[in-house]
Amino acid sequence: MTQRVHSVLLLPGDGVGVEVVRETVKVLERTADLFGFSLSFTRAPVGGEAIDQTGEPLPAETLQAARDADAVLLGAVGGPKWDDLSTDRRPEAALLGLRESLGLFANLRPAILFEELAHASTIREEVIRGIDIMVVRELNRGIYFGTPRGISGEAGRRVGINTLSYSEAEIERIARIAFQIARTRKGKVTSVDKANVLESMALWREVVVRIGGDYPDIELEHMYVDNCAMQLIRRPGEFDTILTTNLFGDILSDEAAMLTGSIGMLPSASLGGVMGDGVMFGMYEPVHGSAPDIAGTDVANPIATILSSAMMLEYSLGEEAAARAIERAVRDAVREGLRTADIATRGESIAGTSKMGDEIARRISNT
């Protein structure tokens with residue numbers, strides 16, 4: 001039988017991105033060996049690394065390599081070295097360019113509390129116990145992409161403009177993703193907007209209500225974003241699937257991530273068009289940033305990137321059993337006391353980035 005071969009573009013990027021992607025490749029190679037498929041890796045520059053090499057945060061060659069791959073695994077971009085560049089030339093511009101050019105409109109950010117790490121959260125254990133939240137964020141429209149935008153006018157009278165707009169079609173496609181995901185979870189969607197003061201959000205709510213009619217088995221509730229931010233701290237266990245806009249999702253998903261104790265534990269998937277066999281093209285990355293202050297010190301937690309690769313196996317490569325194996329290996333490592341510095345308490349032994357990757361890879365099993 002012909003072995004399944006999947007092409008993956010690696011975009012390690014900047015800071016700790018290089019280290020966490022390196023450890024994730026270890027885990028993926030071990031998993032592929034055990035589950036009977038092959039991964040063909042290519043590597044390309046992005047973000048600050050690409051700026052240093054080519055003068056552009058997203059070179060045309062990198063974008064083409066992403067289009068040619070079955071999936072993209074990204075580390076992180078950015079750092080103070082490039083802070084003085086204009087917005088459109090900074091490393092972060094590469095993320096927006098990839099999302100828009102690749103049609104990645106749905107960002108999935110799960111926030112799951114590992115019971116063994118409840119102590120690492122700044123929220124009381126009885127409040128966060130059992131949380132399992134999926135934030136479904138619209139990714140390539142909204143205020144980050146709207147026009148007109150920019151800064152204009154004479155010095156002392158300048159005006160900064162950003163435009164928030166959504167079409168019915170753009171709202172509908174992300175809403176359907178959220179309802180479909182809710183069917184695989186606890187069957188509840190919380191749609192987050194600001195419909196009381198923003199016309200674009202009034203349309204958002206109207207369309208979500210209409211689409212919700214196609215999913216009578218799913219409970220739908222609506223919540224203003226300010227109230228949602230409060231309720232995520234007050235009663236996080238009552239959320240299941242959160243559906244929201246680009247801007248609101250950017251903020252709320254980081255808040256949900258910190259409920260779990262460390263942003264270094266949280267993966268994400270950015271999905272686009274269906275490729276066939278029910279899978280979607282996607283770019284996968286940790287929620288955390290490049291953390292240049294600890295880059296190269298073997299301190300970074302690779303778990304978020306490793307779990308992002310599990311999402312990649314499930315959503316883009318159709319290797320669901322392998323995805324579950326990675327998730328089990330991560331849980332086993334944490335359950336058995338493996339800790340990087342960000343999730344360790346006083347007196348616990350600390351594993352470096354490389355050791356954590358090795359230990360998770362060692363625990364991969366196909367049984």
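The figures that follow rest on heavy atoms only: side chains count, while hydrogens, waters and symmetry mates do not.
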Inset, instruction - Evaluate the criterion salt bridge (charged side-chain N to carboxylate O under 4.0 Å, His left out) for residue pair Asp332 and Arg335; output intermediate values, then yes/no. - result: CA-CA 5 Å; Asp332 288 346; Arg335 187 177 299 116; 2.9 Å; yes
Legend entry - Electrostatic pair Arg331-Glu327, nearest N-O below 4.0 angstrom: no
Listed partners of [X] passing side-chain contact (heavy atoms from CB on, under 4.5 Å), at least two apart:
X: Ala322; value: Thr31, Phe35, Phe37, Leu313, Glu319
X: Glu199; value: none
X: Glu219; value: Lys188
X: Ala329; value: Ile360, Arg363, Ile364

Can you give each donor-acceptor pair under 3.5 Å made by side-chain atoms of residues 304-312, sequence neighbours left out, with the distance rounded to 0.1 Å?
residue	atom	partner	partner atom	Å
Ser308	OG	Ser268	N	3.3
Ser308	OG	Glu285	O	3.0
Ser308	OG	Ala304	O	2.8
Ser309	OG	Ile306	O	2.6

Inset, instruction - Among residues two or more places apart or on two chains, list those pairs meeting side chain to side chain donor-acceptor pair (under 3.5 Å) that have a residue in residues 247-256. - result: Arg109-Ser253, Arg109-Asp254, Tyr144-Asp250
Inset, instruction - Name all residues meeting the side-chain hydrogen bond (donor to acceptor under 3.5 Å, both in side chains) criterion together with Asn196; count only those two or more places apart in sequence or in a different chain, and write none if there are none. - result: none
Legend entry - Partner set under ring-ring contact (aromatic ring centres under 6.0 Å, His included) for Phe179, not counting sequence neighbours: Tyr215
Inset, instruction - For Phe114, check ring-ring contact (aromatic ring centres under 6.0 Å, His included) against everything at least two apart and list the hits. - result: none
Inset, instruction - Please collect all salt bridge (Lys or Arg N to Asp or Glu O under 4.0 Å) contacts where either partner lies in residues 149-168, sequence neighbours excluded, each pair once. - result: Glu168-Arg210
Inset, instruction - Can you tell me which residue pairs pass the salt bridge (Lys or Arg N to Asp or Glu O under 4.0 Å) test with a partner in residues 29-38, sequence neighbours excluded? - result: none
Legend entry - With sequence neighbours excluded, residues passing salt bridge (charged side-chain N to carboxylate O under 4.0 Å, His left out) with Glu23: Lys26
Inset, instruction - Decide salt bridge (charged side-chain N to carboxylate O under 4.0 Å, His left out) for Asp52 and Lys81; before the verdict, give the C-alpha distance in whole Å, the side-chain angles of both, and the deciding distance to 0.1 Å. - result: CA-CA 10 Å; Asp52 290 346; Lys81 178 180 179 179; 2.8 Å; yes
Legend entry - Hydrophobic cluster identity match, Leu232 and Val189, side-chain contacts under 4.5 Å: yes
Legend entry - Neighbour count >12 (heavy atoms, 6.0 Å) for atom CZ, Arg234: no
